[in-house]
Amino acid sequence: IASNYAHRGKYQESIDYLKKALDVKLTIYGNKHPEVGATYGDLATMYMAIENYEDALFCNEMSIKIRTRMLGENNSEMIGAYSIHGMICMYLEKYDEALMYLNKSLEISISVFGENNPDLLKVYERLGMIYEKRNEYEKSVEYAQKSIDIGKAIYGENSINLASNYNNLGKSYYRIKEYDKAMKNYKQSASLMKEYFGEDNPNIGIIYKNIADVYKDKKEYDNAVIYYNKGLVILRKYFDDDYSNIQKILKNLDEIKNIK
């Protein structure tokens, strides 16, 4: 049930069911079982989705603590946990720690599965995101492109598994003002997302906001307003107005209104 809600973008409902599942597993297994660690990890991912990074950090730390005790630090089961921890640290602006965890995930993944495996798709993507946050845009493009190259080799060019990668490569190109390349990747991401999830999904709302950012910077304000409003309608179905991307959309719409 929790995964079904997560798939539909209903993150709070997913969290509610995961908490119930956690209570049941703690009762059955105690607090040292890998199943409990896995559920803490799922909770961390959902808390990250609603931008509750402190709770995400706590849950993922519990997940890592429980699972490494049972599996060891270098077990392949830890690849995802370390990768997620890197993302949480990134959102908390702990960039050095984020890189440490992602590189740990990278080392285990390559050691166990080799240079071209599905885990690397996410690890390289997330390394690109961290370098983008650190304003190291050339490295950001490099790692984002690496993730896409691996994804194409494994899944093909038009797989849903590449949707977020195209979006993040678009963000990297946007940062260096290569707007045509940014737009191409954003639209590829949006196309894959819509084909898989339908139009009404929070990730598509975020991509529409990113497309609008490109139009705004190119001073194509009418197109920017169209995409900001499309994104806003979708995101307001899932989040309150204090959600960061809604705040950015409202700010940018106000700026365009003042320009026009």
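Residue numbers run from 1 in the order of the sequence given.
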Exercise for the section: Indicate the ring-plane relationship of Tyr40 and Phe58, choosing parallel, tilted or perpendicular according to the 30° and 60° boundaries. Expected result: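 Judged by the thresholds at 30° and 60°, the geometry between Tyr40 and Phe58 is perpendicular.
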
Exercise for the section: Assign the ring pair Tyr174 / Tyr179 to parallel, tilted or perpendicular, where the plane angle (0 to 90°) is split at 30° and 60°. Expected result: tilted

Could you check whether [X] pairs with [Y] (Lys NZ or Arg NE/NH1/NH2 to Asp/Glu carboxylate O, under 4.0 Å)?
X: Asp213; Y: Lys209; value: yes
X: Glu93; Y: Lys133; value: no
X: Asp180; Y: Lys218; value: yes
X: Lys65; Y: Glu61; value: no
X: Arg236; Y: Asp241; value: yes
X: Glu13; Y: Lys10; value: no

If we count only N and O atoms by modelled type, under 3.5 Å, do the side chains of [X] and [Y] hold a donor and an acceptor together?
X: Ser140; Y: Arg175; result: no
X: Asn158; Y: Glu195; result: no
X: Asn185; Y: Asn167; result: no

For the hydrophobic clusters of this structure (ILVMFWY residues joined by side-chain heavy atoms under 4.5 Å, transitively), does one cluster hold both [X] and [Y]?
X: Leu99; Y: Met48; answer: yes
X: Val233; Y: Met193; answer: no
X: Tyr215; Y: Ile204; answer: yes
X: Ile176; Y: Ile148; answer: yes
X: Met129; Y: Leu92; answer: yes

If you measure from [atom1] on [X] to [atom2] on [Y], what distance do you get to the nearest 0.5 Å?
X: Lys257; Y: Asn252; atom1: NZ; atom2: CG; answer: 14.5 Å
X: Gln12; Y: Met46; atom1: CD; atom2: CE; answer: 11.0 Å
X: Ile88; Y: Glu97; atom1: CD1; atom2: CD; answer: 10.5 Å
X: Asn74; Y: Ile108; atom1: CG; atom2: CD1; answer: 5.0 Å
X: Ile50; Y: Ser14; atom1: CD1; atom2: OG; answer: 10.0 Å
X: Met70; Y: Glu35; atom1: CE; atom2: CD; answer: 11.0 Å

Side chain proximity check, [X] to [Y], heavy atoms < 4.5 angstrom:
X: Asp149; Y: Lys146; answer: no
X: Ser83; Y: Tyr101; answer: no
X: Leu162; Y: Glu157; answer: no
X: Leu43; Y: Leu22; answer: yes
X: Ile66; Y: His33; answer: no
X: Tyr124; Y: Leu106; answer: yes
X: Asn229; Y: Leu253; answer: yes
X: Phe113; Y: Ser76; answer: yes

Problem - Audit row: Asn103, Val123, side-chain contact (heavy atoms from CB on, under 4.5 Å) steps and yes/no - result: CA-CA 8 Å; Asn103 281 316; Val123 177; over 6 Å; no

Practice task
Could you please spell out the steps behind the salt bridge (Lys or Arg N to Asp or Glu O under 4.0 Å) verdict for Asp217 and Lys177?
Solution key: CA-CA 9 Å; Asp217 280 18; Lys177 303 186 187 302; 5.1 Å; no

Problem - Centroid-centroid distance, Tyr53 to Tyr47, less than 6.0 Å - result: no

Problem - Step-by-step side-chain contact (heavy atoms from CB on, under 4.5 Å) determination, Leu57 to Lys94 - result: CA-CA 12 Å; Leu57 184 68; Lys94 300 177 180 180; 4.1 Å; yes

Would the distance check show the side chain of [X] and the main-chain N or O of [Y] forming a donor-acceptor pair, the cut-off being under 3.5 Å?
X: Asn117; Y: Gly114; answer: yes
X: Asn60; Y: Ile84; answer: no
X: Asn52; Y: Asp55; answer: yes
X: Thr68; Y: Ile64; answer: yes
X: Ser172; Y: Tyr137; answer: no
X: Asn201; Y: Asn203; answer: yes
X: Arg67; Y: Glu77; answer: yes

Practice task
Check step by step if salt bridge (Lys or Arg N to Asp or Glu O under 4.0 Å) holds for Glu125 and Lys122.
Solution key: CA-CA 5 Å; Glu125 178 189 23; Lys122 278 293 174 193; 3.1 Å; yes

Problem - Pair Ser105-Asp119, side-chain hydrogen bond (donor to acceptor under 3.5 Å, both in side chains): steps then yes or no - result: CA-CA 9 Å; Ser105 178; Asp119 289 318; over 6 Å; no

Handout entry: Shortest non-hydrogen contact between Ile130 and Gly86, atoms and distance
Key = CD1-O, 4.3 Å

Practice task
Indicate the atoms forming the closest heavy-atom contact of Ser109 with Ile79, along with that distance.
Solution key: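 Scanning both residues completely, I find the closest heavy atoms to be CA-CD1, 3.6 Å.
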
Handout entry: More than 12 heavy atoms of other groups within 6.0 Å of Glu73 CD
Key =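 Atom CD in Glu73 is not crowded, with 12 or fewer foreign heavy atoms closer than 6.0 Å.
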
Problem - Neighbour count >12 (heavy atoms, 6.0 Å) for atom NZ, Lys25 - result: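 Yes, NZ of Lys25 has more than 12 neighbouring heavy atoms, counting only those of other groups under 6.0 Å.
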
Exercise for the section: Decide yes or no on ring pair (Phe, Tyr, Trp, His ring centres under 6.0 Å) for Tyr131 and Tyr143, but give the supporting numbers first. Expected result: CA-CA 9 Å; Tyr131 283 118; Tyr143 280 104; 5.6 Å; yes

Practice task
Start with the C-alpha distance between Lys216 and Glu255, add both sets of side-chain angles, then the distance that settles salt bridge (Lys or Arg N to Asp or Glu O under 4.0 Å), and finish with yes or no.
Solution key: CA-CA 10 Å; Lys216 178 175 177 284; Glu255 286 179 6; 3.0 Å; yes

Exercise for the section: Sort out for me which residue in Tyr186, Tyr227, Tyr228 forms a ring pair (Phe, Tyr, Trp, His ring centres under 6.0 Å) with Tyr208. Expected result: Tyr227

Handout entry: side chain to side chain contact (heavy atoms under 4.5 Å, CB included) partner of Ser147, the single match among Leu120, Asn168, Asn165, Leu127
Key = Asn165

